[in-house]
Amino acid sequence: MNNFSPNMLKTYKLCPKKYYFKYIENLSMPQSNLPFEKGKKIHALAHYKLQGINIDRLETSLNNKEKETWNLLQSNEFYNKDFYKSEFQINIKIDSYWIGGRIDAIVKEGDNYYILDYKTGSIPNNAEFDFQTMVYLLCANRYIKNYRTLSFVYINLKDKNNYIIPFNQEVEGIYRQEIISTCKTISCDKTFLCNYEKCKNCEYYQLCK
């Protein structure tokens, strides 16, 4: 397989065996969707509003906590910058591997561009070198022409903070090297051994043991 998403790369780093079950055997284990429902609603509303679609009726379906989260996003300084594109798939080829994913939104202020990612939970640990950050910045760098600055912005709707990660030539080299190395390791792996330290928390635990 030579086409990788951020989740695929993160899953492999977490545990090659989990990667094997999920992306090679394509085994989907039942999980509760309740923790993700609020996030899905907020993402949908954000996309529709950026597109200029009337969302009055959709807003009436939100409960109080969802309304509070939605209002926080609407008042966010980055969400209110000039719209460029939202909810779209973006892919590029690095070395012999295709990488990409679905971006929540890209906004701009003049020729300064910002990739937005809305988080109703927590942002990743060491976010600057999270695979989502690295993949999206590399893709946007190739996709957007003649920008002055490019940044990734995690809008954390839980702690009400913005986490801004700027892109430059130095991190570009680091990102490329890390992604190529991980993709190559996955492509050459013949065993996909389990190395997860918290196996009992994994949805594939019963299969793995």
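Both backbone and side-chain heavy atoms feed into the values below; hydrogens, waters and symmetry mates do not. Throughout, numbering of the chain's residues begins at 1 and tracks the sequence.
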*asked:* What I want to check is whether the side chains of N162 and N76 have a donor and an acceptor closer together than 3.5 Å.
replied: yes

*asked:* Could you check whether any side-chain N or O of N71 sits under 3.5 Å from a backbone N or O of K67, counting only pairs where one atom can act as donor and the other as acceptor?
replied: yes

_Any donor-acceptor N/O pair, N168 side chain to V171 backbone, under 3.5 Å_ = yes

*Answer whether the closest heavy-atom distance between the side chains of F131 and M8 falls below 4.5 Å.*
no

*For atom CD of E170, decide whether the heavy atoms of other residues, nucleotides or ligands shown that lie under 6.0 angstrom number more than 12.*
no

*Taking the side chain as every heavy atom from C-beta outward, state whether L73 and Y118 have any pair of such atoms under 4.5 Å apart.*
yes

*asked:* Does atom CG (N63) have a neighbourhood of more than 12 heavy atoms from anything else shown, all under 6.0 Å?
replied: yes

*Do I174 and F152 belong together in a cluster built from hydrophobic side chains that touch within less than 4.5 Å?*
yes

*Looking only at side chains, do E128 and T133 share a donor and an acceptor under 3.5 Å apart?*
no

*How many angstroms lie between atom CG of L9 and atom OG1 of T185, to the nearest 0.5 angstrom?*
10.5 Å

*Is it true that K13 and E178 make a salt bridge, defined as a side-chain N closer than 4.0 Å to a carboxylate O?*
yes

*For the ring pair F88 and Y143, is the centre-to-centre distance below 6.0 Å?*
yes

*asked:* Would you compute the distance between atom OG1 of T182 and atom CD of Q177 and round it to the nearest 0.5 angstrom?
replied: 10.0 Å

*Are Y113 and Y84 an aromatic pair by the rule of ring centers under 6.0 Å?*
yes

*CG of N64: more than 12 outside heavy atoms within 6.0 angstrom?*
no

*Can you name the closest pair of heavy atoms from I180 and D95 and give their distance?*
CD1-CB, 3.8 Å

*Report the C-alpha separation of Y12 and Y23 in whole Å, then their side-chain angles, then the decisive distance to 0.1 Å, and conclude whether the side chain to side chain contact (heavy atoms under 4.5 Å, CB included) test is met.*
CA-CA 10 Å; Y12 184 84; Y23 295 110; over 6 Å; no

*L116 side, atom CG; L50 side, atom CG - distance, nearest 0.5 Å*: 8.0 Å

_Any donor-acceptor pair under 3.5 Å linking the side-chain atoms of Q74 with those of Y79?_
no

_No-hydrogen, no-angle side-chain donor-acceptor test under 3.5 Å, Y20 and D189_ = no

*In Å and rounded to the nearest 0.5 Å, what is the OG to CH2 distance from S75 to W70?*
10.5 Å

_How close do L157 and L72 get, counting heavy atoms only, and between which atoms?_
O-CD1, 3.7 Å

*Cation-pi check, K81 to Y114: give yes when NZ or CZ is under 6.0 Å from the six-membered ring centre and within 45° of the ring axis, no otherwise.*
yes

_Hphob cluster co-occupancy, I144 + V153, side-chain heavy atoms under 4.5 angstrom_ = no

*Closest heavy-atom contact between Q51 and S86?*
NE2-OG, 3.2 Å

*Would a distance-only check, ignoring hydrogens and angles, find a side-chain to backbone donor-acceptor pair under 3.5 Å from H47 to H43?*
no

*F83 and Y147: same hydrophobic cluster, using ILVMFWY side-chain contacts below 4.5 Å?*
no

*May I ask you to decide if the ring planes of Y19 and F192 are parallel, tilted or perpendicular, using 30° and 60° as cut-offs?*
parallel

*K17 to F21 six-membered ring, cation-pi geometry met (6.0 Å, 45°)*: yes

*Quick one: closest heavy-atom pair of T11 and N7, and the distance?*
OG1-O, 2.7 Å

*asked:* Less than 4.5 Å apart, side chain to side chain, heavy atoms only: is that true for D130 and K10?
replied: yes

*Before giving the answer on side chain to side chain contact (heavy atoms under 4.5 Å, CB included), spell out for I92 and I94 the whole-Å C-alpha distance, their side-chain angles and the decisive distance to 0.1 Å.*
CA-CA 7 Å; I92 63 168; I94 294 183; 3.9 Å; yes

*Run the ring-centre check on Y154 versus Y163 and record whether the distance is less than 6.0 Å.*
no

*Under a 4.5 Å cut-off applied to non-hydrogen side-chain atoms, are E109 and R148 in contact?*
no

*Linking directly or through intermediates, with side-chain heavy atoms under 4.5 Å: list the remaining ILVMFWY members grouped with L14, chain and number order.*
Y196

*asked:* Any non-hydrogen side-chain atom of T149 less than 4.5 Å from a side-chain atom of F167?
replied: no

_K158 side chain near T120 side chain, heavy-atom distance below 4.5 Å_ = no

_Minimal non-hydrogen separation, E66 against S61, with atom names_ = OE1-O, 4.1 Å

*Rounded distance (nearest 0.5 Å) linking atom SG of C199 with atom NZ of K18*: 10.5 Å

*If every non-hydrogen atom of R142 is compared with every non-hydrogen atom of K93, which pair is closest and at what distance?*
NH2-O, 3.3 Å

*Do you reckon I24 sits in the same ILVMFWY cluster as Y205, going by side-chain contacts under 4.5 Å, direct or chained?*
no

*Hphob cluster co-occupancy, I155 + L62, side-chain heavy atoms under 4.5 angstrom*: yes

*Where do N146 and D111 land on the side chain to side chain contact (heavy atoms under 4.5 Å, CB included) test, with the steps shown first?*
CA-CA 8 Å; N146 303 317; D111 52 3; over 6 Å; no

*Does the T60 side chain pair with the main chain of R57, one donor and one acceptor, at a distance under 3.5 Å?*
yes

*Checking Y204 side chain against S28 main chain: does a donor-acceptor pair fall under 3.5 Å?*
no

*Between L45 and L58, does a side chain to side chain contact (heavy atoms under 4.5 Å, CB included) hold up when you go through it step by step?*
CA-CA 8 Å; L45 285 170; L58 294 174; 3.7 Å; yes

*Taking atom CE of M134 and atom CD of Q132, what is their separation to the nearest 0.5 Å?*
11.0 Å

